[in-house]
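Right, one structure below, let's go through it.
Please read all numbers here as calculations on a predicted model, not as lab measurements. Throughout, protein chains are lettered first and strands after them, A, B, ... in sequence-line order, and every chain is numbered starting at 1.
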2 protein chains.
Amino acid sequence: MALQHAVLATLLDHEYSGYQLAKIFDIGVANFWHALPQQLYAELGKLEQAGLIRGRRVIQHDRPNKRVYTVTELGMAELERFTAAEAKPSFFRDDLLVKVYAADRTDAVTVMAQLTERAEQAKSKIALFDDILMRLRDGRDEQEFLRHGSRVGPYLTCLLGRSLEKEYHDWCLRCAELLGTREGVRDDA
Amino acid sequence: MALQHAVLATLLDHEYSGYQLAKIFDIGVANFWHALPQQLYAELGKLEQAGLIRGRRVIQHDRPNKRVYTVTELGMAELERFTAAEAKPSFFRDDLLVKVYAADRTDAVTVMAQLTERAEQAKSKIALFDDILMRLRDGRDEQEFLRHGSRVGPYLTCLLGRSLEKEYHDWCLRCAELLGTREGVRDDA
DNA sequence: AGGCCCATGTAATCTGTTACATGATTCC
DNA sequence: GGAATCATGTAACAGATTACATGGGCCT
């Protein structure tokens with residue numbers, strides 16, 4: 001009852017096929033939700049059955065045919081109902097955090113390596129967000145765009161994604177450095 | 001295969017009962033993982049069966065008896081194995097983000113209200129984190145504690161939790177304000 | 001007596017992941 | 001001919017949530 005609304009929200013701007021949605025919801029592009037292709041195909045089926053979206057077959061000659069979806073009026077109503085309803089508490093889950101939590105009782109060196117690697121990944125993701133933000137602004141000044149642009153929702157969620165990724169990045173480097181100095185201290189003892 | 005390690009990591013510092021773990025993993029205190037009591041009781045059963053933790057009955061007179069758990073050597077080995085293994089991609093899921101994404105097509109006023117309310121919640125959580133951090137430092141200077149303290153893992157994860165919560169808080173207020181000015185603009189048109 | 005906190009679960013259901021399966025077209 | 005991308009699923013399993021169930025002790 002949750003991926004459903006993420007799909008509806010995504011289909012607001014564009015009609016997409018399951019395959020296209022799968023790329024959007026894949027790690028890297030999905031800045032506000034994540035799902036695997038199988039889940040999306042299943043969800044699209046359910047949404048169409050429920051009449052919240054409508055599918056349209058697109059014949060393609062250069063590649064396999066596909067089915068693209070748009071939100072129906074019933075779907076819009078459902079999205080509005082969801083918006084008004086109470087939000088479930090958000091959550092953030094991360095193996096690396098568990099590893100850092102235990103790091104001074106397990107293997108700090110391994111964790112350090114993973115932290116620096118993760119910092120790199122965060123860096124790429126920030127670059128990706130900057131890219132998306134620039135494309136959404138499309139030449140306009142940010143202030144101007146946010147005040148008068150016709151569609152700012154995707155931009156705003158992207159801004160949050162960028163901020164969080166930045167914090168995560170800095171934290172990784174700080175932790176890695178710290179665990180390094182502690183390792184050094186331990187060697188001296 | 002994931003909550004498991006979060007539980008093991010938590011039991012490193014202390015022996016806890018299912019009930020106590022439930023409070024730690026509940027919204028508010030769990031800064032790096034979330035789980036419901038039922039899940040924890042089930043997980044503790046599985047972990048004990050697998051020999052990764054050991055339970056001990058504690059007789060109490062003022063309140064119901066309980067069973068507290070500690071990590072076994074096998075459990076430590078498993079935690080080390082997990083630390084060395086590849087981490088699954090982290091994820092963050094949030095209804096409010098979906099709502100903001102769709103806000104300029106649904107009801108911006110409702111979303112604004114939820115954003116300001118959420119900002120308040122974030123504020124309390126930051127205060128809670130500050131509290132926990134202070135208790136962990138226990139009078140020591142942060143630099144000093146991080147360099148020479150015997151157990152910094154929990155402190156580090158808490159620092160990240162605080163940073164992310166702070167970014168989330170600021171973003172909520174910024175979004176709410178922005179949606180407000182846009183609403184104003186729309187009224188003028 | 002009623003409400004709250006402590007303490008521990010079972011059962012049913014829903015959601016998400018892993019493994020498997022198929023087939024077209026394009027590029028090298 | 002083989003790999004990559006496009007395109008869509010099914011089936012089995014693992015993980016998480018919701019609903020339900022129970023009972024003692026403390027405080028007012």
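Listed nucleotides: C:dT17, D:dC6, C:dC5. Nearest to the side chain of A:Leu36: C:dT17. Distances were taken from every side-chain heavy atom of A:His34 (C-beta onward) to each of C:dT17, C:dT25, D:dT8; the shortest belongs to C:dT17. Considering only side-chain atoms of A:Lys66, the nucleotide from D:dT17, C:dA7, D:dT8 that sits closest is D:dT8. Across C:dG16, D:dC6, D:dC26, the shortest atom-to-atom separation from the side chain of B:Asp62 is found for D:dC26. Comparing D:dA7, C:dT17, C:dC6 by their nearest atom to the side chain of A:Tyr19 picks out D:dA7. The side chain of A:Lys23 approaches D:dC6 more closely than any other nucleotide in the set D:dA16, D:dC6, C:dC6.
Atom CG of B:Leu40 is separated from atom C1' of D:dT17 by 13 Å (rounded to the nearest Å). When the P atom of D:dA14 is taken as reference, atom NZ of B:Lys88 falls 12 Å away, rounded to whole Å. Computed from coordinates, the A:Gln4 CD to C:dG16 C1' distance equals 15 Å when rounded to whole Å. Between B:Leu47 atom CG and D:dG15 atom P the separation is 12 Å, expressed in whole Å. Atom-to-atom, CG of B:Leu44 to P of C:dT10 comes out at 12 Å; the value is rounded to the nearest Å. Nucleotide C:dC6 holds its P atom 11 Å from the OH atom of B:Tyr41, rounded to whole Å. Rounded to an integer number of Å, the gap from CG of B:Leu3 to P of C:dT17 is 15 Å. We find that CG of B:Leu21 is positioned 12 Å from P of C:dA7, with the value rounded to whole Å.
Judged by distance alone, with hydrogens and angles left aside, the side-chain atoms of B:Ser17 form no donor-acceptor pair with the main-chain N or O of B:Arg67 at under 3.5 Å.
Residues B:Gly18 and A:Arg63 each lie close to DNA chain C; by heavy-atom proximity, the contact nearer the 5' end of the strand is made by B:Gly18. With DNA chain C read from its 5' end, the first of the two nearest nucleotides for B:Pro64 and A:His61 is the one closest to B:Pro64.
Annotation: A:Phe82 is in aromatic contact with A:His5 [ring centroid separation under 6.0 Å].
Applying the 4.0 Å criterion to OP1 and OP2 of C:dT8, one finds that B:Ser17 has a side-chain N or O inside that range. Regarding contacts with the backbone of D:dG15, every side-chain N or O of A:Arg93 stays at 4.0 angstrom or more from both OP1 and OP2. One finds a side-chain N or O of B:Gln60 lying less than 4.0 angstrom from the OP1 or OP2 phosphate oxygen of C:dA7. Proximity of B:Gln38 to the phosphate of D:dA16: no side-chain N or O atom is located under 4.0 Å from OP1 or OP2.
A 4.5 Å side-chain heavy-atom check between B:Ile53 and B:Thr70 finds every atom pair outside the cut-off.
In this structure, A:Gln60 places its CD atom where more than 12 heavy-atom neighbours from other residues, nucleotides or ligands lie under 6.0 Å away.
Tested against B:Arg118, the residues B:Asp170, B:Asp94, B:Asp95 include a single salt bridge (charged side-chain N to carboxylate O under 4.0 Å, His left out) partner, B:Asp94.
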